[in-house]
Amino acid sequence: MPDPTKQDAADKAKSQEQTFAEAAKRVQRKVVEFADVKGEDGKPAKAPREKRIPIKADEVLAVRDYGTHVVVVTRDGQKFTSQDE
């Protein structure tokens, strides 16, 4: 007969993994990259442009759902929120 505590732990890990995937879909990483544009004088210049990159579920270390927004902490220690989207 299987050990119920091991089964409960497996179910909890599976549901937590699914929660991490759901949270990762709601939060995006903002990256600033420089794009080639024409300056005011007509010469080529670089201008900052914000780009949003989705976070992968396997990057998520912890999730906190506040009801109005979700906060995700990644394995490298960065914190992202869905509040400003």
Val70 to Val27 - nearest heavy-atom pair and separation
O-CG2, 4.0 Å
Pairwise distance CZ(Arg26) to OG1(Thr81) - rounded to 0.5 angstrom
9.0 Å
Side chain proximity check, Thr74 to Arg29, heavy atoms < 4.5 angstrom:
yes
Phe80 and Val63: same hydrophobic cluster, using ILVMFWY side-chain contacts below 4.5 Å?
yes
His69 and Asp65: which non-hydrogen atoms are nearest, and at how many Å?
O-OD1, 3.5 Å
Using a 4.5 Å cut-off on heavy atoms from C-beta on, say whether the side chain of Gln78 contacts that of Ile55.
no
Would you check if Lys46 and Val37 make a side-chain contact, meaning some heavy-atom pair closer than 4.5 Å?
no
Nearest heavy atoms of Ala21 and Ala57, plus distance in Å
CA-CB, 3.7 Å
For the CZ atom of Phe20 and the CG atom of Asp58, what is their distance to the nearest 0.5 Å?
11.5 Å
I'd like to know if Glu59 and Arg75 make a salt bridge, using a cut-off of under 4.0 Å between side-chain N and carboxylate O.
no
